[in-house]
Protein chains: 2
Amino acid sequence: MSYSSGTPDKKADTRTVILNTALRLFTQNGYFNTSVHDIKREAHLSIGSIYHYFKGKDEIAKALYHDLLEEMEQQFNLIASSHSSTHDRCKAVVSLLLSMTDEKPEAMAFMLHAKHREFLPNETPVCSSKPFTLMKGMVREGIEKGEIRELDPLVAAAVMFGGPIRLIHLHLDGIFAGPLVRQLPSIWDCAWKSVSA
Amino acid sequence: MSYSSGTPDKKADTRTVILNTALRLFTQNGYFNTSVHDIKREAHLSIGSIYHYFKGKDEIAKALYHDLLEEMEQQFNLIASSHSSTHDRCKAVVSLLLSMTDEKPEAMAFMLHAKHREFLPNETPVCSSKPFTLMKGMVREGIEKGEIRELDPLVAAAVMFGGPIRLIHLHLDGIFAGPLVRQLPSIWDCAWKSVSA
DNA sequence: GTCTATATTCGGATAGAC
DNA sequence: GTCTATCCGAATATAGAC
């Protein structure tokens with residue numbers, strides 16, 4: 001858990017506690033069904049303390065959103081630099097998405113459920129965010145290199161990552177059980193078959 | 001437009017006006033950013049009139065949800081009865097999803113964005129609803145018949161419909177332009193390749 | 001069945017002591 | 001930097017005339 005921006009978390013500092021609590025409540029009950037009073041209660045803090053760290057409820061959501069996206073972007077860059085073929089890169093991305101869902105389901109739910117437009121109207125939606133742009137870029141490059149069939153890059157990205165993302169949604173909604181990483185072989189097989197040249 | 005439950009819509013009755021207006025505002029600004037006063041204003045009605053037809057804001061959302069799901073279920077049943085092979089059925093479903101998005105984007109957005117859990121906590125989520133169950137059933141049958149590879153039915157359904165659904169999301173978020181039906185050939189080709197035996 | 005006016009609750013945000 | 005008490009606006013919902 002690394003929400004602390006400047007200070008090293010010797011122990012869990014207040015800011016981090018607030019963010020973790022908010023993340024849990026936001027994904028559990030939704031942003032609008034979560035009041036600052038709820039966060040206060042669950043985090044064992046006072047209202048004043050929360051407003052000392054954040055200007056308002058939306059600032060908490062914004063901070064969460066940015067922190068999580070940035071963390072994801074770093075992982076994506078790592079993947080891009082440690083694999084050469086489009087096949088390997090995209091497979092690593094799918095693997096990352098599945099394992100992140102297993103390890104930090106709330107974080108994934110928060111980013112994916114894409115309700116952001118509803119309560120963060122001024123933020124760029126997930127689909128236009130850095131990680132997603134990187135995914136699209138990988139696919140485009142794969143088309144140029146001939147690894148992937150000639151398709152609209154967006155369409156190709158949608159079909160390749162759409163399956164895994166759909167499974168993640170099903171898992172987060174409680175429909176599909178079990179650790180998702182176990183499904184990597186079969187689902188990646190399907191995903192790659194759908195677009196490979 | 002067929003939201004009227006009992007009465008034939010000689011002209012647009014008040015109930016229908018309310019539902020149409022609410023649907024537009026809910027998808028445009030979100031459920032929680034839409035007040036009953038907003039609906040009142042946009043529908044050129046009075047608060048009292050709205051509360052005469054619905055017990056509260058959540059009842060409006062619930063009515064919308066049920067009406068839209070039922071409409072979709074009927075279409076799905078029609079498809080199931082007019083096609084025999086799994087291939088044709090599933091392709092027809094994808095085609096339907098794409099054309100529905102083109103024709104009634106707000107309706108699709110309302111159902112898909114799956115924020116329902118946030119404001120309709122007691123309703124079954126889309127993924128467990130009738131239409132989705134039917135989709136899953138089609139896939140399972142396809143596996144038994146040998147048209148589709150041996151896979152977990154849920155996984156197979158996720159990869160086959162995940163691509164199209166992802167593209168729909170991208171379209172509704174303004175990332176992917178143009179009529180979606182035009183993409184049917186290419187996206188269905190991909191989808192079927194991913195799971196066909 | 002449609003309207004206006006009003007009641008009531010709730011939640012975001014602030015003030016200011018410690 | 002943490003707390004309590006409080007304010008204020010907004011939004012749901014109701015009452016009751018027409």
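Since we're looking at a predicted model, the values are computed, not measured. Proteins get letters first, then strands, A, B, ... in listed order; numbering begins at 1 in each.
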To the nearest 10 degrees, the angle between the two end axes of the helix from C:dG1-D:dC18 to C:dC18-D:dG1 (five pairs per end) comes to 0°

For A:S35, what residues pass the side chain to side chain donor-acceptor pair (under 3.5 Å) criterion, not counting sequence neighbours? A:D38

Atom-to-atom span, [atom1] of [X] to [atom2] of [N] - whole angstrom:
X     : N      : atom1 : atom2 : answer
A:Y53 : C:dA13 : OH    : C1'   : 18 Å
A:K40 : D:dA5  : NZ    : C1'   : 11 Å
A:F54 : C:dT14 : CZ    : C1'   : 18 Å
A:D38 : C:dG12 : CG    : C1'   : 12 Å
A:N33 : C:dG11 : CG    : P     : 9 Å
A:R41 : C:dG11 : CZ    : C1'   : 12 Å
A:I50 : C:dG11 : CD1   : C1'   : 13 Å

Going 5' to 3' through nucleotides 12-18 of chain D and flagging B where a protein heavy-atom sits under 4.0 Å of the base, S where only the sugar-phosphate is that close, and - otherwise, we get BBB----

Please tabulate, for the side chains in residues 150-172 of chain B, all donor-acceptor contacts under 3.5 angstrom to protein atoms that are two or more places apart in sequence or on a different chain.
residue : atom : partner : partner atom : Å
B:D152  : OD1  : B:L154  : N            : 2.8
B:H169  : ND1  : B:I165  : O            : 3.3
B:H171  : ND1  : B:F176  : O            : 2.8

Can you tell me if the side-chain N/O atoms of A:H52 get under 4.0 Å from OP1 or OP2 in D:dT2?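 A:H52 to D:dT2 OP1/OP2: no side-chain N or O under 4.0 Å.
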
For C:dT2, does either OP1 or OP2 sit under 4.0 Å from a side-chain N or O belonging to B:T14?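 The answer is yes; a side-chain N or O of B:T14 sits under 4.0 Å from OP1 or OP2.
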
Is there any ring-ring contact (aromatic ring centres under 6.0 Å, His included) pair reaching into [range], and which pairs are they, with sequence neighbours excluded?
range                       : result
residues 177-197 of chain A : A:H87-A:W188, A:H87-A:W192, A:W188-A:W192
residues 136-155 of chain A : none
residues 48-67 of chain B   : B:Y65-B:H116

Contacts table for residues 92-103 of chain B: side-chain donor-acceptor under 3.5 angstrom, sequence neighbours left out:
residue : atom : partner : partner atom : Å
B:S99   : OG   : B:S95   : O            : 3.1
B:S99   : OG   : B:L96   : O            : 3.1
B:T101  : OG1  : B:L97   : O            : 2.7
B:D102  : OD1  : B:L180  : N            : 2.9
B:D102  : OD2  : B:L180  : N            : 3.0
B:D102  : OD2  : B:V181  : N            : 3.1

Determine whether A:D58 and A:Y31 make a side-chain contact, defined as any pair of heavy atoms from C-beta on separated by less than 4.5 Å.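 Yes - at least one pair of side-chain heavy atoms lies under 4.5 Å apart.
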
Rounded to the nearest 0.5 angstrom, the CD-CG distance for A:E73 and A:L68 is 13.0 Å

Sorted by first residue and then second, give each salt bridge (charged side-chain N to carboxylate O under 4.0 Å, His left out) pair with at least one member in residues 79-90 of chain B; sequence neighbours left out.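 Sorted result for residues 79-90 of chain B: B:R89-B:E141.
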
